[in-house]
Structure formats: C-alpha cells, structure tokens
Q: 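Have a look at this one.
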Amino acid sequence: MTSQLRTPLCDLLGIEVPIMQAGMGNVAYGRIAAAVSNAGGLGSIGGIDITPEEVDEEIKLFRKLSDKPLCVDLGFPANAPKGLSDVEVPELPGPLKQLKSELDEHGIEVKPTTDQAISLADNKKKLEIALDHGVEVIACALGTPAWVVEACHAKGAKVMSIVGLAKHARSAIRNGTDIVIVQGTEGGGHTGEVGLITLLAEVLEFATVPVVAAGGLVKGAQIAACLTMGAQGAWVGTRFLASKESGSEDVFKQAVVESEYDSTLRSLLFDGLHVRMLRNRFTEVWEGHEDELSPYPVQRVLTMPFKYAAMKANLKTHMSLPSGAGAGMINDVPGAADILNRLAEETVEALQGAGKLVVG
Ligand SMILES: Cc1cc2nc3c(=O)[nH]c(=O)nc-3n(C[C@H](O)[C@H](O)[C@H](O)COP(=O)(O)O)c2cc1C
C-alpha cells in the first residue's frame, strides 16, 4: 500500500487528502472543483465574481459531476457598499486613460460592467443559495462576520476564514469559524504582507481551531514544511489555476507557465486592496502614478471595465492576472486530479525524508 497523507482536517471535512483547491474568481467553478473533490481533496467554487444565478448553476454542475464535499468561497468585506450605484466614480486617472488609448489601438472597446463582488446584498443571496444546496463548506475572504457563521452552522455547513494577519485570525475564531486559512504574502489575489512561515507560527500559537496554510504553495515540500509546523492542510490557488479544468483563459495559464521567479508584484492598483498579480502592462501603467490610486471600492469600480475588456479580447498584456509568488515554479498545465496527486505524493516524500533527519 502506498503511504497516504491524512490529518484530522480530513475527518472534519469528510475528505481524503488535506489539500484544497482555492476559490478563485473567473477561474474556479464547478468543473475544476469536481475534479479535485473526486480525487479526494476539497474543490471550491470562487463565488465572489459571479452572479447569484451563476453560483446556483455552478453548484448544480458540481453536484452532477461529484457526490463529494464542496466549498463555495464568498466575500464579506466590512466596508463593501450595498451596491454599485452607491459608489461615486471620479474621472479616469492618468494610468487608465493610457490603458484606454492602448486598448483603442487594439480595437478593444472599454464598456461599463456590472461587478458582483461589490454588492453585499448579492453576496448574502449567494450564501443563501449555497446553503440551500447543502454546500458543506463556506470559505470567507476579507472578513468573517458572526452572522455568516451562524447562518452556516444553522444549515450544518463548516466555515473557513482566509486571513492575512494574526489579529484577523483571532477575530474569526472569536466569531466562531471552524477553520482558519493563514495566507502568507506569497499568495495570489488579495494578500497581506507577512510571510507564510511567520504568520503560520504566529497563528498556531493561539489557534483553537485547525489551521490551514496558503500562499505560494506549488510543491509538496512546501506543504510538508507547513504540516511539520502544525498546519493541518493546504489551500492552493495558482498551481490549480494552471490546470486543464480551470476556467481561466489559455493565455492566462500560459502567462503563469512562462512567468519567472520575480514575475509577481503586490499592489493596490486592482481594487484599492493589496492584490498579488503578474506584472504586465496592466500593472506597469501605474508605476510612478501611485498618487492617482483611489481607495477601495472606487479603484475597483474604475478598473473593472478594463479587466473585462482585456479578458474578453484575450489580451494577456493588458489583463488582470492575479497570481501567487510560486508561479515561477509552474511549468505545465496538467489535469487538476494529477496536480492533487502529485502534491500529495511530494508531501509524503518530503515528510518521510524529514523523519530521517532525527537520529537516535
Ligand atoms: C486568479 C486568482 C483569483 C482569485 N480570486 C479569489 C476570489 O475571488 N476570492 C478569494 O477569496 N480569493 C481569491 N484568490 C485567492 C485564493 O483563494 C488563494 O487564497 C490564493 O490563490 C492562495 O495563494 P496561491 O495562489 O499562491 O496558491 C484568487 C487567487 C488567484 C490566483
């Protein structure tokens, strides 16, 4: 029998391998989530960037493809406006005027867009839909309000809180979360500034619930290091982004594969909160123009039409490409189940190797 990777988290969530595919807007939907859950991990649907109706459809798709547990990732930032119309939009700042003229040259029109992520009302609706479907796990990004935990527990769902600071882990635990996902600065998408190895050690000192590691994890040896420290699992985004079943554009997957070790930056340019992403023209136009950034959510409302225009045209130089710092180590686009199996095998191998370091 081959050795298996198992932690108490597996029993808590009804999974076989303590590796989770992270919720990712525009990337992680029913298809990839089913591939990961069917392979024994925990698959997630990134519910933040899609409409409540789309959340419903993706959960239904998942249930058609898998009878295993599912996670739906939602966002409840404390300072979210009720809806888009509540956000007053200023004139386009210089960097976006520049982007607009470059997109014009490519014949790409920048049209107004709706933005699901901004609306607290829609996120409440998405939570209700997920819980009505009996979704087993809800992941909360950007804050875990107590009412979300109560709603989930009332329907038998577990809650995971993604945090980038020890104080946020404390408040999520106080609000009743079941699992804390500690994301180091290496992570793709919204991310804090403390490195994973430090943040994990800090949170493990006081956590009374299982702790999961995230941020830059693309190799089993990294996961093994986190498990050795006391984490019970891993939440992995960018590695799964570059998979066959991920919903991201082929040019995005290709950009991850082609990226170098210094290809990502962490910036406020996407929505006024810190986001790690691949450097490209979308990020370069802001260099030296940081004083023209608006706070969240105004910055998000300003950039969203640009994100969607470049995405629709598949123009990777001008797309928003959230990505973790581990992207430079990714060289292929395999199936999601293969990624999960590879990570689990590498983790076991590294843990067995580490065991040999202790003599006597
Ligand atoms: C393309 C992309 C989109 C993401 N979108 C979301 C999102 O919509 N909601 C969320 O909570 N986190 C989002 N994240 C963060 C992930 O859930 C996860 O925390 C992160 O990817 C882990 O770091 P890694 O990418 O280095 O593995 C996103 C990450 C990426 C790479």
Side-chain angles (χ1 to χ4, degrees), residues 19-29 32-33 36 41-50 54-55 58 71-77 80 115-118 123 126 137-144 148 159-164 168 179-192 195-196 199-200 212-219 222-223 226 233-243 246-249 251-253 255-256 259 261 263-264 266 270-271 273-278 282 300 304 307 311 316 319-330 339-340 343:
I19 298 176
M20 309 171 180
Q21 161 255 316
M24 291 175 276
N26 300 303
V27 175
Y29 297 132
I32 185 171
V36 173
L42 183 69
S44 302
I45 291 173
I48 294 185
D49 286 0
I50 52 178
E54 286 166 329
V55 169
E58 293 302 327
C71 169
V72 172
D73 176 77
L74 297 172
F76 303 97
D115 178 12
Q116 291 304 319
I118 215 88
N123 279 300
K126 293 177 206 176
V137 190
I138 300 292
C140 294
L142 309 171
T144 307
V148 173
V159 181
M160 303 199 293
S161 304
I162 308 164
V163 304
H168 295 158
I179 295 160
V180 171
I181 300 176
V182 165
Q183 172 156 316
T185 190
E186 302 91 325
H190 288 114
T191 204
L196 176 57
L199 188 59
L200 184 56
V212 168
L217 301 176
V218 300
K219 301 268 187 197
Q222 297 170 287
I223 298 175
C226 296
W235 170 260
V236 178
T238 306
R239 178 53 279 195
F240 282 109
L241 186 167
S243 73
S246 111
S248 60
E249 302 73 16
V251 290
F252 191 172
K253 298 179 192 181
V256 169
S259 67
Y261 296 105
S263 292
T264 67
R266 183 174 160 274
F270 177 67
D271 63 0
L273 305 173
H274 283 107
V275 166
R276 185 172 297 285
M277 57 181 92
L278 292 177
F282 181 75
R300 183 170 181 113
M304 208 49 48
K307 164 182 158 167
M311 221 167 106
K316 78 175 170 192
M319 279 162 66
S320 150
L321 304 172
S323 173
M329 287 185 276
I330 295 174
I339 293 175
L340 185 85
L343 287 174

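What you see below is based on every heavy atom in this structure, not just the backbone, and it leaves out hydrogens, waters and symmetry mates. Both ligands and their constituent atoms are indexed starting at 1 by order of listing.
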Q: Counting non-hydrogen protein atoms only, what is the nearest one to atom 4 (C) of ligand 1? Give residue, atom name and distance.
A: Met24 CA, 3.5 Å
Q: Which ligand 1 atoms are under 4.0 Å away from a heavy-atom of Gly215?
A: 23 (O), 26 (O)
Q: Go through ligand 1 atom by atom and flag the ones less than 4.0 Å from a non-hydrogen atom of Gly187.
A: 23 (O), 26 (O)
Q: For Thr238, which part has a heavy atom under 4.0 Å from ligand 1: side chain, backbone, both, or neither?
A: both
Q: Please check whether Gly188 reaches ligand 1 - meaning an N/O of the residue sits under 3.5 Å from an N/O of the ligand, judged on distance alone.
A: yes
Q: Answer yes if the side chains of Gln21 and Ser44 hold a donor-acceptor pair under 3.5 Å, and no otherwise.
A: no
Q: Any nitrogen or oxygen of Ala22 lying under 3.5 Å from a nitrogen or oxygen in ligand 1? Just yes or no.
A: no
Q: Any N or O of Trp235 that comes nearer than 3.5 Å to an N or O of ligand 1?
A: yes
Q: Please list the nearest protein heavy atom to atom 19 (O) of ligand 1 with its residue and the distance rounded to 0.1 Å.
A: Gln183 OE1, 2.4 Å
Q: Can you sort out the partners of Thr264 under side-chain hydrogen bond (donor to acceptor under 3.5 Å, both in side chains), two or more places apart, ordered by chain and number?
A: Arg276
Q: Is ligand 1 under 4.0 Å from a heavy atom in the side chain of Leu241, in the backbone, in both, or in neither?
A: side chain
Q: Any N or O of Asp73 that comes nearer than 3.5 Å to an N or O of ligand 1?
A: yes
Q: Which residue holds the protein heavy atom closest to atom 26 (O) of ligand 1, what is that atom called, and what is the gap in Å?
A: Gly216 N, 2.7 Å
Q: Looking only at protein heavy atoms, which one is nearest to atom 8 (O) of ligand 1, and how far off is it?
A: Gly25 N, 3.1 Å
Q: Is Gly237 in polar range of ligand 1, meaning some N or O pair under 3.5 Å apart?
A: yes
Q: Where is the nearest protein heavy atom to atom 14 (N) of ligand 1: which residue, which atom, and how far?
A: Gly23 O, 3.5 Å
Q: With sequence neighbours left out, what residues match His168 under side-chain hydrogen bond (donor to acceptor under 3.5 Å, both in side chains)?
A: none
Q: Using modelled atom types only, decide if a donor and an acceptor are shared between the side chain of Lys126 and the backbone of Ile50 within a distance under 3.5 Å.
A: yes
Q: To check your reading of the model: name the closest protein heavy atom to atom 31 (C) of ligand 1, its residue, and the distance in Å.
A: Pro322 O, 3.4 Å
Q: My understanding is that only one of Ile181, Val212, Val180 makes a side-chain contact (heavy atoms from CB on, under 4.5 Å) with Met160; could you say which?
A: Ile181
Q: To check you understand the geometry: which heavy-atom pair defines the closest contact between Leu241 and Lys253, and what is its length?
A: O-CG, 3.7 Å
